[in-house]
Amino acid sequence: MSNSETTTPVRREGLDFIREIVLRDTDAGRYAGRVATRFPPEPNGYLHIGHAKSIALNFGIAEDFGGVCHLRFDDTNPETEDMEYVESIMRDVRWLGYDWGDNLFFASDYYDQIYEFAEQLIMEGKAYVDSLDEEGIRQYRGTVTTPGRPGPYRDRTVEENLDLFRRMRAGEFPDGAHVLRAKGDLAAPNMKMRDPLLYRIRHMDHYRTGDKWCIYPMYDFAHPVSDAIEHITHSVCTLEFENNRAIYDWTLDNLYEEPRPHQYEFARLNLDYTIMSKRKLLQLVEEEYVAGWDDPRMPTIAGLRRRGYTPEAIRLFCQRIGVDKTNSRVQIEVLENAIRDDLNARAPRVMAVLRPLKVTLTNFPADKVEWLDASYWPRDIDKTGSRQVPLTREIYIERSDFDVNPPADFTRLSPGGEVRLRNAYFIRCDEVVTDPTSGDVLELRCTYDPHSMGKPSTAGRRRSTAIQWVSAAHALPAEVRLYSRLFTVANPDEVEEGKTFKDYLNPQSVEVVSDALVEPSLAAANAGERFQFLRHGYFIVDEDTQPGRLVFNRIVELPDSYSGKRGGDDPAPKAEPARQAAAPEPVESIGSLSEGRERARQADAELAARYTRYQEDLGLAAEQADILTGSRDLADFFETALGVGGSARTVANLITNDVQRELKDKSVAELPFTATYLGELAQIIDAGTINSNAAKTVYAEMAAGGGSPKAIVTKLGLDQSVDASELEAIIAGVLAGMPDKVGEYRGGKTSLLGMFTGQVMRATGNKADPKQVQQILKRQLEA
RNA sequence: UGGGGGAUAGUUUAAUCGGCAGAACACCUGACUCUGGAUCAGGCAGUUGGGGUUCGAAUCCCUGUCCCCCAGCCA
């Protein structure tokens with residue numbers, strides 16, 4: 001697959017936004033072209049499919065850009081972390097096919113360094129020891145709507161802070177007595193910046209550092225520092241850390257210099273019919289709703305592995321779901337389809353009968369065994385290899401492949417009907433033996449057609465499915481575990497009042513078939529081998545397999561368009577009436593006025609007067625007048641620009657549409673151009689010196705600090721007109737270069753006109769008049 | 001209610017100075033088939049609502065709506 005690809009980044013559309021950032025940075029020579037990412041799990045649980053997305057992203061970026069990806073354990077909380085988890089995580093990452101080389105790190109290895117940084121911040125007056133208890137800290141922190149306020153310990157001297165902090169480390173205080181906090185802003189709208197905690201006291205052995213420490217750094221402090229220590233360039237994490245980026249930047253701005261690591265966030269994976277919370281998964285394990293972290297129903301990597309998923313399929317899945325910042329839920333089918341796509345070409349086909357129905361071939365000699373050659377692969381898979389399967393007088397077929405009273409489109413066996421035995425003969429059902437009391441079908445008595453081997457089903461013989469079967473005398477008994485979704489609802493995190501996610505567990509998530517029969521070639525199958533049981537799905541030999549006792553897990557079913565068509569287990573036709581309810585909704589936009597600007601006018605009679613005047617005297621729309629009179633600065637700017645001589649409409653358009661963009665992060669006073677320049681621009685637009693397209697170019701230059709619009713026009717030669725005959729020629733040339741597109745246009749795809757216009761405009765250096773261009777374009781195209 | 005982030009077919013996503021709304025999965029049709037699988041061909045279907053700027057808006061401006069995150073001494 002990707003092995004043959006080069007490690008050179010490919011410039012192409014569809015790069016996810018993080019790779020785009022990395023590409024931009026490498027192009028700009030930031031970090032001297034170096035790329036270093038990291039996957040930073042906390043060893044407090046097993047990895048799941050959501051982590052696979054992150055792993056694939058981080059290691060994938062490193063691969064694509066010829067960089068490295070570190071595996072770093074973010075182990076700063078001694079309460080929950082354990083070596084068992086470290087080992088499972090390493091096993092899973094490796095199994096997924098990623099290699100961290102020598103770059104295995106632990107945040108706990110940096111404790112000394114992190115501590116030194118903490119002292120540095122204290123000495124610089126940027127951190128302090130707070131002795132408030134938890135409740136006190138909460139009180140002083142305020143809420144999302146009310147600002148926090150400084151607590152009584154915030155102004156301790158550097159000496160006092162340092163002394164206290166050192167004594168914290170020395171173990172002089174009990175848990176919770178003090179914490180180290182960054183001196184942020186207690187009134188910050190971002191709650192995370194209200195003096196975030198950097199260190200807490202925890203008298204507890206750590207699984208790696210033992211009893212060396214009794215104070216432990218918080219994530220918000222340890223993480224950026226760890227990144228910086230490892231010279232990470234791009235620190236990628238999930239969306240819920242967006243607010244934490246402020247602390248990340250605060251920390252590194254105080255401790256390091258650019259180029260230092262920067263954090264970027266993407267949306268974590270949500271998969272339908274499963275959960276991704278480590279806490280909840282742990283609950284399922286501890287409360288024994290599942291058999292363990294590697295229960296085949298679990299979305300953990302270990303569970304998927306045991307289920308029979310391949311690393312390739314999981315990587316394919318990660319590739320298909322993409323990376324973005326949109327909160328989304330991925331359909332489970334995407335995962336299932338990935339494993340089917342992978343296994344279709346990899347899993348040999350064999351025959352297994354899950355719910356056996358005995359069939360006696362009455363014209364087949366009782367003591368005869370006919371060994372038939374059966375290919376492991378269907379003809380569309382480019383592989384060879386076969387095994388021998390024995391046919392005898394007594395065989396078993398799938399109960400569901402026989403129907404006493406079949407529907408018209410049934411292509412399997414029914415009384416008096418025929419069916420093909422896969423890799424063998426056609427048989428006809430002559431007699432159905434039923435239980436006289438229950439009416440259950442006990443056995444079928446059939447005759448086989450000895451001349452039908454290898455013959456197509458044409459010649460009057462209606463098309464039948466080729467059904468799987470096993471010889472009664474040779475079949476191997478097997479236990480087959482049929483897994484399906486763990487939860488009954490798509491989103492188990494969304495619970496009804498009074499319920500928990502556990503109330504939505506699917507009681508039928510596993511069905512154990514203990515008396516299945518498989519063909520004898522499977523006798524030597526080893527744990528971990530995968531097969532397709534013809535017409536059933538993909539299966540893996542489970543590690544519970546014992547000599548003489550095969551155990552299979554169903555990885556995924558084969559799609560079945562037949563049962564789908566007949567409305568199998570998921571009927572629910574799309575409700576149509578909803579359409580009506582969700583209909584019109586007469587939202588009349590009155591262009592409601594922004595509160596801020598409204599307030600400004602209420603507080604300033606002059607602004608209010610201008611608001612009226614702009615509409616009545618200048619003829620501006622209420623919406624424009626509103627924007628222009630949001631502040632004195634802007635209104636004055638408008639009037640100064642207007643004084644140059646352009647029309648009110650043009651000046652207003654320029655300000656309300658273009659200047660607004662600059663005003664998002666600048667004040668009027670900080671604008672890189674003067675009102676007079678803007679007025680000049682309006683003037684030359686009104687005068688027809690430049691077209692609207694060119695006007696955008698000129699404005700962009702001005703916004704970049706380019707100076708006078710007239711000078712820009714001259715510099716770029718935008719005032720030179722293109723004469724008609726010249727334009728005709730240019731247009732003819734453009735059209736001649738795109739005969740296909742011209743054909744499409746003439747075939748009715750008139751939406752291409754915009755594309756042609758753009759091409760011509762570019763060819764003329766934006767000097768042509770687009771209206772004229774389109775006029776000529778249409779004439780030439782319709783000629 | 002403060003701050004941060006997000007919204008393109010049913011789903012996940014693409015569209016690099018404003019210029020062809022493209023793909024995958026799902027679904028539907030047909031072809032083919034010793035798997036009601038696979039494959040192939042075709043089809044359905046979309047820019048969060050309203051207004052503005054422009055020859056031209058998913059993209060720029062204004063204004064609504066909806067969703068997610070933040071008040072752990074977890075990460």
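Basis for what follows: all heavy atoms, side chains included, without hydrogens, waters or symmetry-related copies. A note on names: the letters A, B, ... follow the listed sequences, proteins ahead of strands, and every chain is numbered from 1.
Residues A:N337 and A:R320 have side chains that bring a donor and an acceptor to within less than 3.5 angstrom of each other. In this model, a donor atom of one side chain and an acceptor atom of the other lie less than 3.5 Å apart for A:T465 and A:T411. Between the side chains of A:D74 and A:H223, at least one donor-acceptor pair of N or O atoms lies under 3.5 Å. In this structure, a donor-acceptor pair under 3.5 Å is absent between the side chains of A:S328 and A:T326.
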Atom pairs, protein N/O to nucleotides 23-25 of chain B N/O, distance under 3.5 Å:
| from | atom 1 | to | atom 2 | distance (Å) |
| --- | --- | --- | --- | --- |
| B:C25 | O3' | A:N337 | ND2 | 3.4 |

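At a cut-off of 3.5 angstrom, counting only N and O atoms as typed in the model, there is no donor on one side facing an acceptor on the other between the side-chain of A:R245 and the base of B:G4. Between the base of B:U35 and the side chain of A:Q532 there is a donor-acceptor pair shorter than 3.5 Å.
The shortest distance between side-chain heavy atoms of A:Y216 and A:R200 falls below 4.5 Å.
Residue A:A424 is classed as a base contact, given a heavy-atom separation below 4.0 Å to a base. Residue A:L558 is in base contact, counting any heavy-atom pair closer than 4.0 Å across all strands shown.
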In sequence, state the C-alpha distance, the side-chain angles, and the governing distance for A:D130 and A:L197, and then conclude on side chain to side chain contact (heavy atoms under 4.5 Å, CB included). CA-CA 9 Å; A:D130 198 347; A:L197 276 64; over 6 Å; no
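The nucleotide B:A23 finds its pairing partner in B:U12, both defining distances of the Watson-Crick or G-U wobble pair being shorter than 3.5 Å. The partner of B:G46, taking Watson-Crick or G-U wobble pairs whose two distances both stay under 3.5 Å, does not exist in any strand shown.
Comparing B:A23 with B:C40, their P atoms sit 15 Å apart, to the nearest whole Å. If you take atom C1' in B:C25 and the same atom in B:C60, they sit 34 Å apart, rounded to whole Å. Remark: the separation of the C1' atoms in B:A57 and B:C32 is 46 Å, to the nearest Å. The same atom, C1', is picked in B:C44 and in B:G50; the two are 29 Å apart, to the nearest Å. Nucleotides B:A9 and B:A24, compared at atom C1', are 12 Å apart to the nearest Å. For the C1' atoms, the distance from B:U47 to B:G6 is 15 Å, rounded to whole Å.
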Using a cut-off of 4.0 Å between protein heavy atoms and nucleotide atoms, how would you tag nucleotides 53-61 of chain B 5' to 3' with B, S and -? SSB----SB
What one-letter contact string describes nucleotides 65-75 of chain B from 5' to 3', where B marks a base within less than 4.0 Å of any protein heavy atom, S marks contact via sugar-phosphate atoms alone, and - marks no contact? ---SBBBSBSB
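Identified under the side-chain hydrogen bond (donor to acceptor under 3.5 Å, both in side chains) test for residues 740-749 of chain A, with sequence neighbours left out: none. For residues 186-199 of chain A, every residue pair satisfying the salt bridge (charged side-chain N to carboxylate O under 4.0 Å, His left out) rule, not counting sequence neighbours, is listed here: A:R154-A:D195.
Classified by interplanar angle (parallel below 30°, tilted 30° to 60°, perpendicular above 60°), the ring pair A:H48/A:H51 is tilted.
Rounding to whole angstrom units, CZ of residue A:R420 and C1' of B:U33 are separated by 12 Å.
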Kindly list each side-chain donor-acceptor pair under 3.5 angstrom involving residues 648-660 of chain A, sequence neighbours excluded, with atom names and distances?
| from | atom 1 | to | atom 2 | distance (Å) |
| --- | --- | --- | --- | --- |
| A:T650 | OG1 | A:S647 | OG | 2.8 |
| A:T650 | OG1 | A:D686 | OD1 | 2.5 |
| A:N653 | OD1 | A:Q624 | NE2 | 2.7 |
| A:T656 | OG1 | A:Q624 | NE2 | 3.2 |
| A:T656 | OG1 | A:A652 | O | 2.8 |
| A:N657 | ND2 | A:N653 | O | 3.3 |

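Picking from B:C20, B:U35, B:U12 the nucleotide with the shortest atom distance to the side chain of A:K741 gives B:C20.
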